[in-house]
Structures are given as structure tokens and as C-alpha cells.
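What follows is one structure encoded as C-alpha cells, with my remarks underneath.
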Amino acid sequence: MKQQYSRFMRWTSRLVMLSMLTMGLPLQPAFAGMVETDQAISHELANQDRAKINAFLDREDVLSQLQQHGVSAADAKARVYALTDDEAHKLAGKLDQLPAGGTDIIGALLFVFIVLLITDILGFTHVFPFTHPVKK
Amino acid sequence: MESPPEYLPRHAELVEVPYFAQEAYQCGPASLAMSLSAAGISVTPDILKPELYVPELHGSLQVEMLAVTRRQGAIAYQLAPELEDVLREIAAGTPVIVLQNLALGLYPVWHYAVAIGYDLDNAEIILRSGPEQRQELPMKTFEYTWARSGYWAMVAMLPGKIPETAEEYSYIAAVSSLEKIGDPKNVQRSYIAALKRWPHNLSAQLGVGNTAYRLHDLAQAETAFRQAAQDHPDSVAALNNLAQTLADQARYEEALDSARRAVSLDGPLAKTAQATLADIEVKVREHTSLPAH
């Protein structure tokens with residue numbers, strides 16, 4: 001069984017190498033050392049996402065919620081900087097679902113959910129099992 | 001639509017959009033062929049069918065619709081999920097491919113059609129749809145069937161043209177998806193068009209530089225990256241690519257300066273910047289050291 005597996009792996013890796021050699025190279029002629037446009041775009045979008053999260057953390061109602069969970073705004077922002085592009089994007093997406101006022105009961109619950117989600121991802125709380133705290 | 005905006009014409013119809021009658025399950029290739037032909041790329045559903053049609057699904061996937069559009073050399077732009085945006089595109093002369101679910105969520109019947117006109121007074125939308133060259137559908141019925149696809153809609157544009165409803169980042173991202181497979185000259189036209197509408201957009205500035213670099217026009221690439229670095233002094237990408245472009249012209253002192261600035265900024269592209277700097281430093285040593293013999 002083990003041998004079969006390794007033979008399988010050997011052929012697969014050969015196939016992968018071959019496809020990389022035949023398909024990968026011609027698409028990327030002499031672009032070594034350069035940052036691709038799409039790569040730059042995803043970082044730029046992630047920076048916008050981070051700015052959106054930071055603006056959220058500046059809201060007074062959010063600040064008081066964070067304080068209740070023993071988190072200083074400065075600490076939270078330092079962690080936001082450390083989020084991966086993907087995490088920042090997911091989090092900013094959640095913020096878009098948040099009602100602007102947050103006065104009605106659904107809005108208030110969603111608001112607390114978002115705050116806890118943020119503190120979870122930042123590693124200050126661990127309310128939701130599906131979040132992975134940011135590694136520093 | 002409850003209250004259409006004032007500036008939208010009461011009715012519009014793009015009568016010149018060609019019609020390809022679809023064979024069974026071929027609404028994807030037919031719709032895309034109509035849209036591309038209207039944009040000025042003459043194709044037939046038969047040409048697109050092998051790339052687009054998935055026999056097991058009896059249909060075509062949305063991502064493939066976008067990808068095949070790019071392979072035909074056009075910009076594939078997915079619209080914001082708003083009926084108003086569909087109508088605005090039509091009023092501006094661009095037919096819109098829409099995905100409908102003609103049945104209900106439990107037993108979906110997916111269907112691509114091309115929206116070519118509308119009449120706000122009669123509350124109708126006009127489609128090239130399947131066997132019908134001119135289908136007049138009540139706007140409400142259309143909205144229900146379209147909503148069940150998650151309001152999926154796209155346009156195919158020739159490079160250099162920007163959709164009426166294009167949003168800055170979505171459009172420039174759509175252009176960048178064409179950069180690695182399309183003709184760099186054409187792709188560059190789109191970045192330049194984007195810069196006319198959004199003059200300081202960093203990604204479009206980088207795009208002009210990167211397409212020039214692909215075309216081996218180092219002078220143009222240098223100008224574009226300089227502009228990008230000037231407008232966005234904290235962009236590692238702009239400084240890194242400027243450094244590489246200068247090094248390729250054997251202007252090592254200037255290249256070192258840009259590369260060092262890129263490295264000093266840190267961020268997610270730091271590794272690329274460090275590698276570029278190390279590479280230039282090696283070249284400088286090779287350049288300045290005397291031959292061994």
C-alpha cells in the first residue's frame with residue numbers, strides 16, 4: 001500500500017513538474033523581481049479593508065464595548081495591522097453587514113457579534129470556536 | 001423598479017445587437033457570442049462552446065463566462081447587483097448578460113440571456129433569450145428570476161473602454177485579470193483609460209508600468225513607476241518595480257536608491273523588495289569589480 005502510494009506520488013509529481021515546465025513558463029517571460037499588478041491590487045484592497053476596520057474601532061460605541069472586554073483601542077489597531085489580507089477582507093465584509101445606527105434590537109445584537117468576532121480574531125477573547133487568533 | 005433615477009432615459013433598445021438562436025442548453029455560448037459580437041469581437045456560439053459548455057451540468061459556469069470573455073481578448077466586468085446598473089449599461093449602449101433562475105430555488109432552471117432594452121413606461125425589459133430574438137418580459141418577473149441567481153450580470157468590453165457603471169477597484173481588478181493572458185498593448189489601453197477616469201489610482205499606474213515592462217519598453221515603464229512612486233510614496237510595489245526597471249537599464253545607483261526605499265517601508269511585499277535589493281547589489285559588485293584575469 002505504501003509503495004503504491006509513493007509510486008502514485010512519484011507520477012503525480014512528475015506530471016505536476018511537467019505541467020509547470022510546459023505551461024507555467026511561457027506565461028511569465030522575464031518578470032522576475034517585479035510585483036504583478038494583481039498582487040499590488042490585492043494588497044491595496046487589504047489596506048482599504050484595514051482602514052475600514054480601524055474606522056470601526058474608532059467609533060465611540062465600539063470603544064466602550066472593547067473596553068468592557070478589556071481591550072485598548074491601540075492594542076486592537078496594532079493587531080489589525082497584523083491581519084493577513086484575507087482575514088482583513090473577511091472582517092471588513094462583516095462590517096458591511098452592520099447597520100449604521102445599531103439602535104434596534106437586531107442591530108445591537110449584530111453589533112455585539114461583530115465586536116466579539118473582532119476581539120476573537122485579534123486573540124483577546126475566544127467566544128467563537130471557528131475563529132483562529134492572529135499569530136503575532 | 002420603484003423609482004428609476006431621473007437621468008435614465010424612459011426607454012432604450014440596442015436593436016443592432018446580433019442574435020444567435022441557441023441550441024439545447026447552449027444559452028451560455030449564445031449569450032456570450034451575442035455580447036462579444038456587439039462589442040466588436042466576431043465569434044459564434046460554436047466557437048465558444050468547447051471552452052464554455054460543461055456537458056455534465058447541461059450549462060456553463062459563471063466563472064467560465066468571465067474567463068472565456070478574457071480569452072477572447074475582452075474585459076469581463078461583473079456588474080454590481082443592481083437593476084439600475086443593468087439599465088444604465090443598456091442606455092449607454094452596452095448589452096448585459098444576465099443569469100436567471102427561471103424556476104424556483106429547489107429545482108433551479110438556470111438560464112443566460114442578454115438584456116438589450118427596457119421600457120420604463122410599460123415596466124418591461126427586452127431580452128435576447130434562448131429561442132426568442134426579442135422577448136418582452138415584465139420588469140417584476142425579470143427581477144424575481146434574476147434575484148434567484150444572486151443578481152448576476154456581466155458585460156464584455158473592448159480593452160480601452162470602461163463600462164458606464166464601472167466601480168474603480170472592481171474595474172481595475174477586471175483589467176488586471178486580463179494582464180497575464182491578454183495582449184499587453186490592449187491591456188495597457190484599459191489601464192490608461194482607467195487613469196483618465198481615476199487619475200491617481202495606484203493599481204492602474206502600476207498596470208501601465210507593468211504592461212510597458214512586458215513590452216520591453218523600459219522608458220515608458222520607468223515613467224509610469226516614477227509617477228506611481230511620486231503619487232504614492234509609501235507604495236513598495238511602485239518603488240520595487242522602479243528599482244528593477246532602472247537596474248535593467250544598468251542605472252545601478254538610482255536603482256539602489258529606489259530599492260532601499262522600498263525595503264525601508266516593510267509590509268507584505270517586503271520579501272520581494274529585499275530580493276530585488278540583494279539582486280541589484282550583486283549586479284553592482286559585478287559591474288564595479290575588475291575582471292579576474
Of Asn210(B), Asn201(B), Leu206(B), Val208(B), which is the lone residue that meets side chain to side chain contact (heavy atoms under 4.5 Å, CB included) with Tyr191(B)?
-> Val208(B)
Interface check, chain A: of Thr276(B), Asp279(B), Val236(B), Asn240(B), most non-hydrogen pairs under 4.5 Å belong to Asn240(B)
Proximal component of Asn241(B), with respect to chain A [non-hydrogen, under 4.5 Å] | both
Ile280(B) versus chain A, heavy atoms under 4.5 Å apart: side chain, backbone, both or neither?
-> neither
Whether [Y] and [X] form a salt bridge (side-chain N of Lys/Arg under 4.0 Å from carboxylate O of Asp/Glu) is what I want to check.
X: Glu222(B); Y: Arg226(B); answer: yes
X: Lys90(A); Y: Asp49(A); answer: no
X: Asp183(B); Y: Lys185(B); answer: no

Would you say [X]'s side chain and [Y]'s backbone share a donor-acceptor pair under 3.5 angstrom?
X: Ser177(B); Y: Ala173(B); result: yes
X: Ser35(B); Y: Leu32(B); result: no
X: Glu89(B); Y: Glu164(B); result: yes

Considering only heavy atoms, give the residues of residues 64-78 of chain B separated from chain A by less than 4.5 Å, sorted numerically, with 'none' for an empty result.
-> none
